[in-house]
Amino acid sequence: MNISFECADKVNGLMTIVVEKADYEEKVEKTLKDYRKKAQMPGFRPGMVPMGLIKKQYGTAVKVDEVNRLLGEKLYEYVRENKIQMLGEPLPNEEKQQPQDFQQDGPFTFVFDIAVAPEFKAELTDKDSIDYYNIKVDDKLIDDQVQMYASQAGEFVEAQEWSGNDTLKGDLRQLDENGNTLEGGIETEGGMVMPSYIKGEDEKKKFDGAKLGDIITFNPKKAYPDNDAEVAALLKVDKEKVKDLTADFSFQITEIRHFQPAAVDAKLFERVFGEGVKDEADFRQRISDAIKPQLQANGDYKFMLDVRKYMEQKVGELTFPEALLKRIMLNSNKDKGADFVEKNFKASVDELKWHLIKEQLVVASGVKVEDDDLKQVAKAAIRQQFAQYGMTNVPEDVLENYANEQLKKREQVDQFVDRAIDAKLAEALKGTVKLNMKEVTLDEFNKLMQEA
């Protein structure tokens with residue numbers, strides 16, 4: 001087998017592979033002999049079919065399979081041994097690749113286009129200066145968390161008068177033009193209304209000060225303009241039935257449900273953190289301690305965004321084999337077509353540029369991801385999911401079991417690898433560059449992220 005590679009402009013590579021009969025003959029013969037042992041043909045005992053018939057029936061297909069296997073194996077072996085940074089998959093050259101006659105014994109010549117990454121150097125030292133945002137755990141942030149936990153542990157109670165985000169339950173009756181109940185009109189028992197979510201301001205005001213037993217006249221279509229689905233759900237009828245509806249309805253309130261957050265007391269402390277919380281001050285301190293790792297993760301994420309922006313400017317413009325990359329992209333998205341490629345190509349190249357930069361930073365920083373790193377990333381992600389539901393004291397063995405299940409899924413493992421690399425790279429780079437430390441509140445940080 002003969003392999004040659006040329007890359008005149010350093011990004012558009014051309015690889016030629018010539019496969020000789022000697023390269024595949026032994027393996028093909030062995031495969032055909034195995035076929036013969038199992039072959040069954042009328043007039044012949046099992047295993048006694050003449051080899052000539054076996055070759056005639058299976059020879060070409062076996063040859064094609066073996067040549068393709070050799071091509072893939074030797075191509076990637078050559079790329080690896082010669083340290084060619086190939087982008088995407090190799091594609092047959094559209095001009096030089098000729099049809100191959102596999103009925104013959106070769107040699108077979110294959111010509112591939114290889115997209116090669118541009119040569120550049122990406123490095124960071126203590127002479128490089130990048131912003132780092134340290135998010136403060138202030139009283140407002142802790143207050144918001146306390147309120148969230150109290151809400152999660154809250155319950156609905158009956159009330160006599162509507163206020164805030166209360167839910168009203170009642171009976172609805174369609175009215176005629178004189179304000180009387182329309183005979184044969186829509187009547188609904190147990191309709192649910194949340195006045196705070198009514199879009200029509202004039203209709204919303206009709207519920208101000210509403211009390212249990214009150215009868216309120218309002219227009220559902222004006223309350224929820226351009227939302228027939230909402231009106232249909234309220235009246236418990238098909239959407240088509242409210243399409244041309246213009247009538248007012250009476251709504252007699254039979255129940256007012258008021259949401260009451262839980263009291264900030266020992267019961268809430270135990271619900272959130274388990275036993276051992278001494279008082280409210282201790283509760284707030286534990287909240288602060290629990291928030292800090294996530295805030296640091298947010299700060300690290302913003303830091304890596306700023307590293308990317310800084311490095312892309314430092315590296316400058318890179319030359320990519322655009323025509324070939326578009327072919328590769330189209331080949332991977334055949335169902336989406338050329339318009340999809342044109343629309344998304346620039347963003348794809350931008351991501352590719354950052355990927356190549358990050359690869360160099362990872363190598364220079366000595367970042368390596370071990371199995372335990374993946375386990376910790378998985379447990380952190382699961383811990384965060386539980387925390388969204390107010391469950392902050394999840395036992396370690398539960399986290400361990402969930403993490404082990406997640407790590408059995410290939411797509412999840414890939415995500416955890418990316419997160420682990422980003423986390424370890426951020427930590428490494430924070431110790432490499434000069435950090436411009438900036439202390440901000442969470443609101444200020446979120447505003448920065450929106451602007452970014």
Side-chain angles (χ1 to χ4, degrees), residues 135-170 190-198 204 207-212 230 233-234 253-299 301 376-403 405-406 441-446 449:
I135 307 169
K136 295 185 293 185
V137 182
D138 55 16
D139 287 340
K140 179 182 179 301
L141 185 52
I142 296 177
D143 289 342
D144 290 343
Q145 288 294 115
V146 171
Q147 184 178 6
M148 182 194 73
Y149 289 133
S151 294
Q152 289 174 340
E155 60 182 354
F156 284 97
V157 296
E158 292 187 6
Q160 297 297 310
E161 183 174 348
W162 176 82
S163 64
N165 291 321
D166 293 352
T167 300
L168 305 180
K169 186 177 182 180
M192 306 288 286
V193 176
M194 291 189 71
S196 58
Y197 286 89
I198 289 177
K204 181 186 292 188
F207 290 86
D208 289 348
K211 297 181 179 60
L212 192 66
E230 188 78 29
L234 168 64
I253 302 172
T254 59
E255 184 182 340
I256 299 177
R257 301 183 71 205
H258 174 73
F259 182 75
Q260 181 68 51
V264 182
D265 56 15
K267 187 176 179 180
L268 180 64
F269 304 159
E270 184 175 346
R271 173 189 169 92
V272 176
F273 290 112
E275 297 180 356
V277 182
K278 292 180 289 189
D279 50 29
E280 186 172 351
D282 187 21
F283 181 58
R284 292 175 68 87
Q285 182 59 51
R286 292 188 185 218
I287 289 175
S288 175
D289 294 341
I291 291 173
K292 285 178 182 176
Q294 182 57 48
L295 296 183
Q296 180 181 330
N298 292 347
Y301 178 72
Q376 295 308 315
V377 168
K379 288 166 71 172
I382 295 163
R383 189 180 292 110
Q384 187 175 349
Q385 289 176 351
F386 277 117
Q388 291 175 353
Y389 298 99
M391 301 169 66
T392 58
N393 56 339
V394 182
E396 190 66 22
D397 62 323
V398 174
L399 292 174
E400 187 82 14
N401 289 336
Y402 270 96
E405 287 302 313
Q406 291 295 309
T441 65
L442 182 58
D443 288 341
E444 291 170 337
F445 180 82
N446 288 337
M449 290 301 295

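Summarising the local packing, OH of Tyr402 is surrounded by 12 or fewer heavy atoms from other residues, nucleotides or ligands at distances under 6.0 Å. With a 6.0 Å radius and a threshold of 12 heavy atoms from other residues, nucleotides or ligands, Tyr197 has its OH atom at or below the threshold.
Of all non-hydrogen atoms in Val193 and Pro195, the two that sit nearest each other are O-CD, 3.4 Å. Across Lys204 and Ser196, no two heavy atoms sit closer than the pair NZ-O, 3.5 Å. Residues Arg286 and Gly276 come closest through the heavy atom pair NH2-O, 3.2 Å. Across Arg383 and Leu399, no two heavy atoms sit closer than the pair NH2-CD1, 3.4 Å. Listed here is the closest heavy atom pair of Pro293 and Ala290: CD-O, 3.4 Å. Taking each heavy atom of Asp279 and Phe269 in turn, the nearest pair found is C-CE1, 3.7 Å.
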Next item on the list: Give the C-alpha distance, both sets of side-chain angles, the deciding distance and a yes or no for side chain to side chain contact (heavy atoms under 4.5 Å, CB included) between Ile291 and Ile135.
Entry: CA-CA 10 Å; Ile291 291 173; Ile135 307 169; over 6 Å; no
Next item on the list: For the pair Met449 and Tyr301, evaluate side chain to side chain contact (heavy atoms under 4.5 Å, CB included) and give the outcome as yes or no after the intermediate values.
Entry: CA-CA 10 Å; Met449 290 301 295; Tyr301 178 72; 3.6 Å; yes
Item checked: Worked verdict on Lys292 versus Val137 for side chain to side chain contact (heavy atoms under 4.5 Å, CB included) -> CA-CA 7 Å; Lys292 285 178 182 176; Val137 182; 3.8 Å; yes
Next item on the list: Just do the side chain to side chain contact (heavy atoms under 4.5 Å, CB included) check on Phe273 and Asp282 with the steps written out, would you?
Entry: CA-CA 11 Å; Phe273 290 112; Asp282 187 21; over 6 Å; no
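Between the side chain of Thr254 and the backbone N or O of Lys169 there is at least one donor-acceptor pair closer than 3.5 Å. In terms of modelled atom types and a separation under 3.5 Å, the side chain of Asp265 and the main chain of Leu268 share a donor-acceptor contact. Remark: side-chain polar atoms of Glu270 are not paired, donor with acceptor, to backbone N or O of Lys267 under 3.5 angstrom.
Applying the salt bridge (Lys or Arg N to Asp or Glu O under 4.0 Å) test to pairs two or more places apart or on separate chains, none has a residue in residues 145-168.
Within the model, atoms CZ of Phe207 and CD1 of Ile253 stand 7.0 Å from one another, a figure rounded to the nearest 0.5 Å. Atom CG of Asn298 and atom CD of Gln294 lie 4.5 Å apart (nearest 0.5 Å). Interatomic distance, Ser151 OG to Phe259 CZ, rounded to the nearest 0.5 Å: 5.0 Å. Here Gln384 contributes atom CD and Ile382 contributes atom CD1; the two are 11.5 Å apart, rounded to the nearest 0.5 Å. We find the CG-CG distance between Leu141 and Leu295 to be 6.0 Å, quoted to the nearest 0.5 Å. Atom OG1 of Thr167 sits about 5.5 Å away from atom CE of Met192, to the nearest 0.5 Å.
Using a 4.5 Å heavy-atom threshold, the side chains of Asp139 and Arg284 count as touching. Contact annotation: the side chain of Ile142 never approaches that of Gln285 to less than 4.5 Å [non-hydrogen atoms, C-beta and beyond]. The shortest distance between side-chain heavy atoms of Ile287 and Phe283 falls below 4.5 Å. Between Leu168 and Glu255 the shortest side-chain heavy-atom distance does not fall below 4.5 Å.
Of the N and O atoms on the side chains of Asn401 and Glu405, not one donor lies less than 3.5 Å from an acceptor on the other residue. Counting only N and O atoms by type, the side chains of Asp143 and Gln147 include no donor and acceptor under 3.5 Å apart.
With sequence neighbours left out, Glu400 forms a salt bridge (Lys or Arg N to Asp or Glu O under 4.0 Å) with Lys375, Lys379.
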